[in-house]
**Student:** 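Sharing a structure with you now.
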Amino acid sequence: ISLLLSLIFVFSSCFELIEDTTFNKDGSGIYKVTLNMSSSQTRLNSVMAMDSIDGKKVPSEKDLQNEIESFIADLNSQEGIKNAKATLSTEEWILKFSCAFDDLEALKNGLNLSTKKWQKKDQKIGDYFEVNFSNAGYERIINTEVSDRWKTKASEDEDYNKLKEGKCVFIQRFPNQISSVSNVNVKIAKNGTACMLMLSPHEIIQNPKSLNYSVSLEE
């Protein structure tokens, strides 16, 4: 996932990311991510046909598959994580990932440990954002900003404006009814037990704090 995300933001400007989390009353749940880059298929195929870009080696399809398999095997060995699965179609450029977790702490710890070999610094997922769940509700807090230097570099890409066409969707499903949400952009489902936030990649780059919100649940 880390490897794919690095490819997306550098080489693919238009994509759809769907994060779908289902919580049980005891805090356990199912975490799913679908990454659809099919709209940038031509550009990604062109990149994959190259040996390197700016002195950096471009991974082959086999490299990508091997890294994903390694990540999944490692994640399934982490405490509190079960049934981790991932598939990548390099024909359509669609990545699907899912796993079961005992609680959010187990999910965060598992992802921290399994992505450690790709991290340039000794940083954890919690250094960038926090997610918390209890019977009272759910909370997501972003702890990072996108540097002006990175924004400037990204804006120089010929397809930068296409980031406005992409979608990042964040869905949470709860065992109890939702009483309120803190972000006006978070929509509550008709059944009252799920909510969704949808933003473009451009909006997130310009203002990562737009991802901040909390959900209060009825007891």
Side-chain angles (χ1 to χ4, degrees), residues 1-12 15-24 26-38 40 44 47-48 51-53 55-134 138-144 146 168-173 201 204 208 211:
I1 292 174
S2 298
L3 192 63
L4 263 293
L5 284 174
S6 66
L7 275 177
I8 292 162
F9 285 105
V10 176
F11 304 124
S12 176
F15 62 90
E16 181 180 75
L17 171 71
I18 301 176
E19 179 196 78
D20 191 327
T21 311
T22 299
F23 291 100
N24 301 314
D26 63 358
S28 65
I30 304 292
Y31 181 68
K32 298 179 181 179
V33 175
T34 301
L35 193 55
N36 188 334
M37 301 168 283
S38 57
S40 296
L44 283 167
V47 169
M48 294 297 292
D51 292 326
S52 64
I53 290 182
K56 295 181 180 179
K57 184 181 182 297
V58 175
S60 66
E61 292 183 19
K62 185 177 180 180
D63 290 335
L64 290 175
Q65 297 290 357
N66 287 342
E67 290 293 344
I68 289 171
E69 289 175 10
S70 174
F71 168 74
I72 292 299
D74 195 79
L75 187 59
N76 273 319
S77 71
Q78 305 300 338
E79 185 176 354
I81 301 293
K82 303 180 185 70
N83 300 322
K85 301 174 184 177
T87 59
L88 171 65
S89 166
T90 52
E91 292 183 3
E92 299 176 313
W93 286 103
I94 297 175
L95 170 70
K96 295 184 178 181
F97 165 78
S98 66
C99 72
F101 57 88
D102 287 350
D103 52 47
L104 279 182
E105 196 62 29
L107 180 61
K108 289 186 284 187
N109 288 339
L111 291 174
N112 279 329
L113 292 171
S114 296
T115 59
K116 194 170 184 178
K117 68 176 180 179
W118 294 304
Q119 296 172 10
K120 294 182 179 179
K121 299 179 181 179
D122 188 21
Q123 291 180 305
K124 298 179 179 180
I125 289 174
D127 295 336
Y128 301 106
F129 67 91
E130 299 175 28
V131 285
N132 302 291
F133 172 77
S134 69
Y138 172 88
E139 183 179 46
R140 178 190 292 260
I141 302 171
I142 302 301
N143 296 323
T144 188
V146 178
C168 294
V169 182
F170 305 91
I171 300 168
Q172 290 83 40
R173 307 176 193 276
I204 295 173
L211 287 169

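No hydrogens, no waters, no symmetry mates; every other heavy atom, side chains included, goes into these values.
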**Student:** More than 12 non-hydrogen atoms from neighbouring residues, nucleotides or ligands closer than 6.0 Å to CG on Asp26, yes or no?
**Tutor:** yes
**Student:** Is there a donor-acceptor pair closer than 3.5 Å between any side-chain N or O of Asp63 and the backbone N or O of Ser60?
**Tutor:**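 Judged by distance alone, yes, a pair lies under 3.5 Å.
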**Student:** Is the ring centre of Phe101 less than 6.0 Å from the ring centre of Tyr31?
**Tutor:**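 Phe101 vs Tyr31: aromatic centres not under 6.0 Å.
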**Student:** Can you tell me how far the CG atom of Leu104 sits from the CD atom of Glu130, to the nearest 0.5 Å?
**Tutor:**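 It comes to 11.5 Å.
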**Student:** Applying side chain to side chain donor-acceptor pair (under 3.5 Å), can you list everything that pairs with Asn24, at least two apart in sequence or on another chain?
**Tutor:** Ser28
**Student:** Drop me the distance from Lys62's NZ to Thr90's OG1, to the nearest 0.5 angstrom.
**Tutor:** 14.0 Å
**Student:** List for me each residue that meets salt bridge (Lys or Arg N to Asp or Glu O under 4.0 Å) alongside Asp74, sequence neighbours excluded, and say none if there are none.
**Tutor:**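 With neighbours one apart ignored, the set is empty.
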**Student:** Sequence neighbours excluded, which residues qualify as salt bridge (Lys or Arg N to Asp or Glu O under 4.0 Å) partners of Glu19?
**Tutor:** Arg140
**Student:** As an exercise, state the distance from CD of Gln172 to OG1 of Thr22, rounded to the nearest 0.5 Å.
**Tutor:** 9.5 Å
**Student:** Residues two or more places apart in sequence or in another chain: which of them pass salt bridge (Lys or Arg N to Asp or Glu O under 4.0 Å) with Asp102?
**Tutor:**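 Partners of Asp102 by the salt bridge (Lys or Arg N to Asp or Glu O under 4.0 Å) criterion, ordered by chain and then number, come out as Lys82.
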**Student:** Compare all side-chain heavy atoms of Glu139 with those of Ile141 and state whether any distance is below 4.5 angstrom.
**Tutor:** yes
**Student:** State, with a plain yes or no, whether a side-chain heavy atom of Ile94 is found less than 4.5 Å away from one of Phe15.
**Tutor:** no
**Student:** What's the shortest heavy-atom distance between Ile72 and Ala84, and which atoms?
**Tutor:** CG2-O, 3.3 Å
**Student:** Rounded to the nearest 0.5 Å, what separation is found between the CG atom of Leu64 and the CD atom of Glu67?
**Tutor:** 8.0 Å
**Student:** Which heavy atom of Ile81 sits nearest a heavy atom of Cys99, and at what distance?
**Tutor:**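 So the minimum-distance heavy-atom pair works out to CG2-CB, 4.3 Å.
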**Student:** What I'd like to find out is whether the side chain of Phe133 reaches to under 4.5 Å of the side chain of Asp103, using heavy atoms alone.
**Tutor:** no
**Student:** Tell me whether Glu79 contacts the main-chain N or O of Ala106 through its side chain, where contact means a donor paired with an acceptor under 3.5 Å.
**Tutor:** no
**Student:** Can you list everything that forms a side chain to side chain donor-acceptor pair (under 3.5 Å) with Arg173? Sequence neighbours excluded, please.
**Tutor:**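 So Arg173 forms a side chain to side chain donor-acceptor pair (under 3.5 Å) with Asp20.
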**Student:** Under a 4.5 Å cut-off applied to non-hydrogen side-chain atoms, are Ile68 and Leu95 in contact?
**Tutor:** yes
**Student:** If every non-hydrogen atom of Ala100 is compared with every non-hydrogen atom of Ile30, which pair is closest and at what distance?
**Tutor:** CB-CD1, 3.7 Å
**Student:** Quick one: do Phe97 and Leu35 satisfy side chain to side chain contact (heavy atoms under 4.5 Å, CB included)? Show the steps, please.
**Tutor:** CA-CA 9 Å; Phe97 165 78; Leu35 193 55; over 6 Å; no
**Student:** Return the minimal non-hydrogen interatomic distance between Asn76 and Asn83, and the atom names on each side.
**Tutor:** OD1-N, 3.4 Å
**Student:** With sequence neighbours left out, what residues match Glu105 under salt bridge (Lys or Arg N to Asp or Glu O under 4.0 Å)?
**Tutor:**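 Listed in chain order: Lys108.
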